[in-house]
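Below: one structure, written as structure tokens.
Just so you know, ligand 1 is whichever comes first in the structure, and atom 1 is the first atom listed for that ligand. The shown structure was predicted, so the numbers you read here are calculated from the model rather than taken from an experiment.
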Amino acid sequence: MNFSHSGDSLHLKGDKATFGTLVFFINKEDEIVSALTPKDRTLTKAVNSVLENQHLGKGNFSLAKSSLVGTAEPVSLILIRCKSASLTRDEFRTMANSVSKSLAASSQTNIHMDVSAIEVQDQSIEDALQYFTVQTVKAGYRFQEFKSKKKAAAKAKKLSFHIGEAKIAPALKQGKAIGEGISLTRDLGNRPGNHCTPTHLAEEAIELGEKSKNLSTTIHEEAEMQELGMGSFLSVTAGSDQPAKLIEMNYQGAGDDSAPFVLIGKGITFDTGGISMKPPGSMDEMKFDMCGAATVFGVMKAVAKLQLPINLVGLVAAAENMPGGDATKPGDIVTSMSGKTIEVLNTDAEGRLVLCDTLSFAQRFNPSLMIDVATLTGACIVALGSHASALYSNDEELASGLLQAGQTTGDRLWRMPLWKEYTKQLDSNFADLANIGGPKAGSVTAACFLQEFVGKTPWAHLDIAGTAWLQGARKGATGRPVEMIMQFLLDQLD
Ligand code: BES
Ligand code: MN
Ligand code: ZN
């Protein structure tokens, strides 16, 4: 998908004729809503005839689609009737989701959309069109790497926003880069565990580093993790034949004196639960247990593509959680890189075990802030379902920045507590702390566990167990929360 913008009005006649799919907003009086004059008579007639022949619902917004014949080249129209040209943010999103799906499904490659008179309440037109652009890329996403009969790849499409003088080029560029980051996140998430191993993730990171300016990749192997004292991380991979990898992607877009942001992703490429094995129902979905890692990849890709003037380190804790002769057993005690000992009461609470050592490792970068992203707990899905990712943070400014980015993008978060009363649930009779906190507040106690390893660095933890993938007929990775994190990073530039 390619995005551009123009100040011209849409014409069917004359030397500036526009063909392909034309998208217009229509008001209650069935007139085209546009700030771009003059209007083309042929077009007005065509719109009227579509509206006469198709019943547009009287709701807040509805779509009419038609193909027109009788023009020099085939033209189809998409008419969007809104109750007013000033839309609430939710109305705009509903419209954008639906229109972007129609555009993805259409065989026309040339799309022109007149957005010159549209206003979104509480949102700049730049943010709104960035959102629209991201949705359009998402709507065109297909994952068919493992289908022997692939549907023909959709032809590259061109979408031109007709808007007059507004300076929307950066928003379109950002939307495209974010959309492509999301596609990478979804590809990695959707790949099965026998292909997407820790080694595969390491190779993907090396490739991304080679392709991107100012991005270098380092792979820390098990021997090095051993030397660093990462007994907690290594206890998770003990039962697996696949070597674990601690992947470091280092993006330098600002001077050496600028402290980096550090992003950390849980990269369990398959979570059987280990010796505390999971029940078989839906266990296949545990291939998605690396979606936090995939989010880090998507963000790194988009940031490098945009060459943002920031320093950003992406760390991926990649391992497979398997039973086996060498596997960690319930009751085993391991020593983390921080020196804290951990009693592993349940080997299925493995995400926090790889993340705690990665959080300790992150300190070597002197980060200005750290954000970890993890499909950490089933309890998070019980608490929030699939609409919001859970946010935990020890820093008010960071928390409010992330919440705000969630509002701007619709990739929403809900803040949860980190009270010491919850941390108490992690007391162990035998070690410094246990890796589970009992049946109550499972998402909270997992976050409290991580908090024990972050020190004073501003830190946020995102539990994306409910948002990273869809179940059922539309099973697949969503690419969340790449959009929210990208918005957060962009907001830091202002
Ligand atoms: N990867 C799972 C969490 C998960 C489960 C995410 C289902 C999405 C859907 C994690 O490693 C896990 O198994 N957590 C346990 C923790 C428990 C043993 C304290 C859980 O949530 O059951
Ligand atoms: Mn688990
Ligand atoms: Zn897991």
**Report entry** Donor-acceptor pair, side chain of Asp332 and main chain of Lys329, under 3.5 angstrom
**Finding:**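 Such a contact is found between Asp332 side chain and Lys329 backbone.
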Query raised in the report: Does Lys278 use its side chain to pair, donor to acceptor, with the backbone of Met286 at less than 3.5 Å?
Result: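 Side chain of Lys278 to backbone of Met286: no pair is present.
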Scan side-chain atoms only and decide if [X] and [Y] contain a donor-acceptor pair under the 3.5 Å cut-off.
X	Y	result
Ser338	Ser360	no
Asp127	Thr408	no
Asp372	Trp459	yes

**Report entry** Stepwise side chain to side chain donor-acceptor pair (under 3.5 Å) test for Gln242 and Thr269
**Finding:** CA-CA 10 Å; Gln242 296 291 335; Thr269 58; over 6 Å; no
Query raised in the report: Honestly, is Lys173 close enough over Phe3, meaning NZ or CZ under 6.0 Å from the six-membered ring centre and within 45° of the axis?
Result: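 Verdict for Phe3: no cation-pi partner in Lys173.
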Query raised in the report: Just checking, Arg415 and Tyr392: is the charged tip under 6.0 Å from the six-membered ring centre and within 45° of the axis?
Result: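 No.
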Query raised in the report: For Asn435, which of Leu426, Thr347, Leu345, Asp348 qualifies under side chain to side chain contact (heavy atoms under 4.5 Å, CB included)?
Result: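 Considering Leu426, Thr347, Leu345, Asp348, a side chain to side chain contact (heavy atoms under 4.5 Å, CB included) with Asn435 is found only for Leu345.
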Query raised in the report: From Ala349, does some N, O or S atom reach closer than 2.8 Å to the Zn ion (ligand 3)?
Result: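 Short answer: no, not a single N, O or S atom is under the cut-off.
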Query raised in the report: Are any N, O or S atoms from Asp348 nearer to the Zn ion (ligand 3) than 2.8 Å?
Result: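 So Asp348 does not bind the Zn ion (ligand 3) by this criterion.
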Atoms of ligand 1, numbered as shown, that sit under 4.0 Å from any heavy atom of [X]:
X	result
Leu376	2 (C), 3 (C), 10 (C), 12 (C), 14 (N)
Lys266	1 (N), 10 (C), 11 (O)
Ile381	8 (C), 9 (C)
Glu350	11 (O)
Thr375	1 (N), 2 (C), 3 (C), 6 (C)

Query raised in the report: Do any N/O/S atoms of Asp271 come under 2.8 Å of the Mn ion (ligand 2)?
Result: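 Yes, Asp271 qualifies, because one of its backbone or side-chain N, O or S atoms lies under 2.8 Å.
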Any N/O of [X] closer than 3.5 Å to an N/O of ligand 1?
X	value
Asn346	no
Gly378	yes
Arg352	no
Thr377	no

Query raised in the report: How does Phe270 reach ligand 1, if at all, at less than 4.0 Å between non-hydrogen atoms: by side chain, backbone, both, or neither?
Result: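 Answer for Phe270: neither.
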Query raised in the report: What part of Met286 sits under 4.0 Å from ligand 1 if we count only heavy atoms: the side chain, the backbone, both or neither?
Result: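 Looking at Met286 and ligand 1, just side chain atoms fall under 4.0 Å.
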Query raised in the report: So which heavy atom on Leu450 is nearest to which on His461, and how close?
Result: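 Leu450 and His461 have their closest heavy atoms at CD1-ND1, 3.6 Å.
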Report task. Rounded to the nearest 10 degrees, what's the angle NZ of Lys266 makes with OE2 of Glu350 at the Zn ion (ligand 3)? Could you check? Result ->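 Vertex at the Zn ion (ligand 3): approximately 90°.
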Query raised in the report: Is the count of non-hydrogen atoms from other residues, nucleotides or ligands lying under 6.0 Å from Glu421 atom CD greater than 12?
Result: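 It does: Glu421 CD has more than 12 such atoms within range.
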Query raised in the report: Is atom 22 (O) of ligand 1 close to the protein, meaning a heavy atom under 4.0 Å from it?
Result: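 There is no protein heavy atom less than 4.0 Å from atom 22 (O) of ligand 1.
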**Report entry** Heteroatom of Glu350 nearest to the Mn ion (ligand 2) (N, O or S, atom name)
**Finding:**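 Restricting Glu350 to its N, O and S atoms, the minimum distance to the Mn ion (ligand 2) goes to OE1.
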Query - Contact check, Lys278 vs ligand 1, heavy-atom distance below 4.0 Å - result: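 For ligand 1, residue contact (heavy atoms, under 4.0 Å) with Lys278 is present.
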Query raised in the report: Gln130 versus Leu172: any side-chain heavy-atom pair under 4.5 Å?
Result: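 Result no, sub-4.5 Å side-chain heavy-atom pair not found.
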Query - Val382, Asp463, Asp271, Asn321: member with heavy atom nearest to atom 2 (C) of ligand 1 - result: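 Closest candidate by heavy-atom distance is Asp271.
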